[in-house]
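By convention in this document, chain letters (A, B, ...) are assigned in the order of the sequence lines, proteins followed by strands, and residues within each chain are numbered from 1.
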Amino acid sequence: MPGAFNWLAQLASITRFSLLTIPERKGACAAAAFGIGGVVAVLVGTLSIAQGFRQAMMASGSPDAAIVMRSGSDTEMVSFLGPESVRIVADAPGVARTAAGPLASSELFVIINLPKRDTGTDANVPIRGVSRMAFQVRDDVRLIAGRRFVPGRNEVIVGRGAAQEFVGLDVGSRLRVGRNEWRVVGLFTAKGGLAESEIWTDSPGLQTAYQRGTSYQSVFVRLASPDAFDEFRDALLRDPRLNVKVVRQAEYYAQQSRTMVNLITGLGSIIAGLMGLGAVFGALNTMYSAVSARTREIATLRALGFGSGPVVMSVLFESLLLALAGGAVGAAGAYFAFDGFRAATMNFQSFSQVAFAFAVTPRLLGMGLAYALLIGLVGGLFPAIRAARLPVAAALREN
Amino acid sequence: MSVAESTLVQVQAVEKFYRRGSETVHVLEGIDLGVRAGEFLALMGPSGSGKSTLLNLLGGLDRPTKGTIEIGGERMDHLPDRPLAAWRARHIGFVFQFYNLLPVLTAERNVELPLLLTPLSRAERKRRVAIALAIVGLAHRAKHFPRQLSGGEQQRAGIARAIVTDPTLLLCDEPTGDLDRKAGDEVLNLLQALSRDHGKTVIMVTHDPHASARATRTVFLYKGQIVTEMPK
């Protein structure tokens, strides 16, 4: 392999010479690198919104949990279940049971208006009526302040995300819902899941407040095991007394988040794509300038016997290195600026607000760096080809 | 030694022309030239006479449109790019008018450049660089960057770089063109010594009769052809 070794040795030498000249071109190099860094920061930052939203939605879906709604309902908002249906669902095979009964929570889902803390404008906040088993069905729910509500006493507990985003949800404050005034008695977390964006109370109280009689909108159940889902679903779908839809919670929340995630990802990609185009021109300009400034050096090396391949690769390598440096700065900036940043946005499926934290994941950081390298590759390719095609004899005399 | 054996460079019926749109520009026509090993040949002629083009053809930086070029008995005018680059590295030492040193490297690093294309160890490269710098009288300036050297010193570093691989042929393109008379004389003395004392074959393009006077032979080019004497 002496040929290959020689080629690599040439590449290493030429690349070293190129990198040594960077201090002479530091302005242009920094501009290109920071341009790419900006693109990566925007890409990672935007996608971290989608990622955070998706994580908030997906954190709610454990594999052994299912949700039952009326057939044809895409969301709880448009679902309706009578008390008889709710009882049949709770007694169905596959549902986990304790001494206190089946782990099923028949629930109501209502939207109320509350002002947002940051803008003061009204936004839709979900209030959920749950039954006594709800805390065992969703075992990720933990009280972090106050106590649980007592059924029949117009009390609510509030998810941490909702309390942070909306006015009037601090423990001890009072809240007007429907015809009644409700007291906030507790604050809970749900491992960052969707429930943290909600207000919870007892189902009968909410039924009364909103004149829903004895009807519900959904039943949340915990299954005996993740594998029990098929048995549970088949039993309900076969039952002639029921007209229901049965989905795993994870699948339900994935559907719920799809529109928003696709919207944010699509917009983020378009913005990053357009900015990336600009950054490619920045990199092109920098690398064309680099090749132009080093025309005589490159020609000299070629005259001395260095091949055109190592010249091409060295220009590309420098471009990739600048892009990687810029990308790393952008990705780090995005991480420190956005990771964990809390916000709330509309979930278009339920027309209610979802509180979530931006999530800059390792995968997003990797994507950002890969995008930076792509920009560097495209930005360096044409200047590299120009460098390789330099007419050596003429270029040797350039000043 | 026979004449054939002592002829290092053999140029036969070489032509070079370029197409500029529909027009054909003849740069060299019917060039026949032999250069003996150890000879110090000056190529003279006015601007546009084709002397630099001929030098580029001899150095494998360009290819003739017609004709053949043999150096050391090896025909090189038809070699593909990569073998031609390797051939240049092995056989040719270039000396440029503007020195063409890499500004980011010290004199000794510049001189070492052609050796990076060889399998020589670092220690051996260092040894050869020291010898080359000593020959050109620049050992004490080895650690200096080009910007810290005078024009004459930079050109001597350029010559050290050209001879460090012990090439078959030294090709010098206006080596004194950017120097004052004193520095130019030093460079010419050096080239003369390399030919006379070290047996190097040197071909030098120059405008300057003072420089060509140092050569053992001068060939005149005029409008792309070799002439016996320059027209008035």
Which pair of non-hydrogen atoms, one from A/Ala303 and one from B/Phe94, has the smallest distance, and what is that distance? O-CE1, 3.4 Å
What residue, out of B/Asp81, B/Thr165, B/Leu101, B/Leu105, has the most heavy-atom pairs lying under 4.5 Å from chain A? B/Leu105
If we define contacts as heavy-atom pairs under 4.5 Å, which of B/Asp173, B/Leu84, B/Asp62, B/Ile92 has the most with chain A? B/Asp173
Going by heavy atoms in the side chains, are B/Arg88 and A/Leu304 under 4.5 Å from each other? no
More than 12 heavy atoms of other residues, nucleotides or ligands under 6.0 Å from CZ of A/Phe281: is that the case? no
For residues A/Arg296 and B/Phe98, determine if any side-chain heavy atom of one lies less than 4.5 Å from a side-chain heavy atom of the other. yes
Check whether B/Asn100 reaches the backbone of A/Leu396 with its side chain - one donor and one acceptor, N or O, closer than 3.5 Å. yes
Reported CG-to-OG distance for the pair B/Leu102 and A/Ser13, which is rounded to 0.5 angstrom: 10.5 Å
For chain B, which residues of residues 324-331 of chain A have heavy atoms nearer than 4.5 angstrom: none
Using every non-hydrogen atom in the two residues, find where A/Ala9 and B/Leu116 come nearest and quote the distance to one decimal. CB-O, 4.5 Å
Using a 6.0 Å cut-off, check whether atom CZ of B/Arg141 has over 12 heavy atoms from anything other than its own residue. yes
In terms of heavy-atom contacts, does CZ of A/Phe17 have more than 12 from other residues, nucleotides or ligands at under 6.0 Å? yes
Please check if the number of heavy atoms outside A/Phe382 that lie under 6.0 Å from its CZ is greater than 12. no
Atom CZ of residue position A/Phe34 - does it have more than 12 heavy atoms of other residues, nucleotides or ligands inside 6.0 Å? no
Which residue out of B/Glu174, B/Arg82, B/Arg161 racks up the most heavy-atom pairs below 4.5 Å with chain A? B/Arg161
So, for A/Gly305 and B/Ala89, which heavy atoms are closest and what is the spacing to 0.1 Å? CA-CB, 4.0 Å
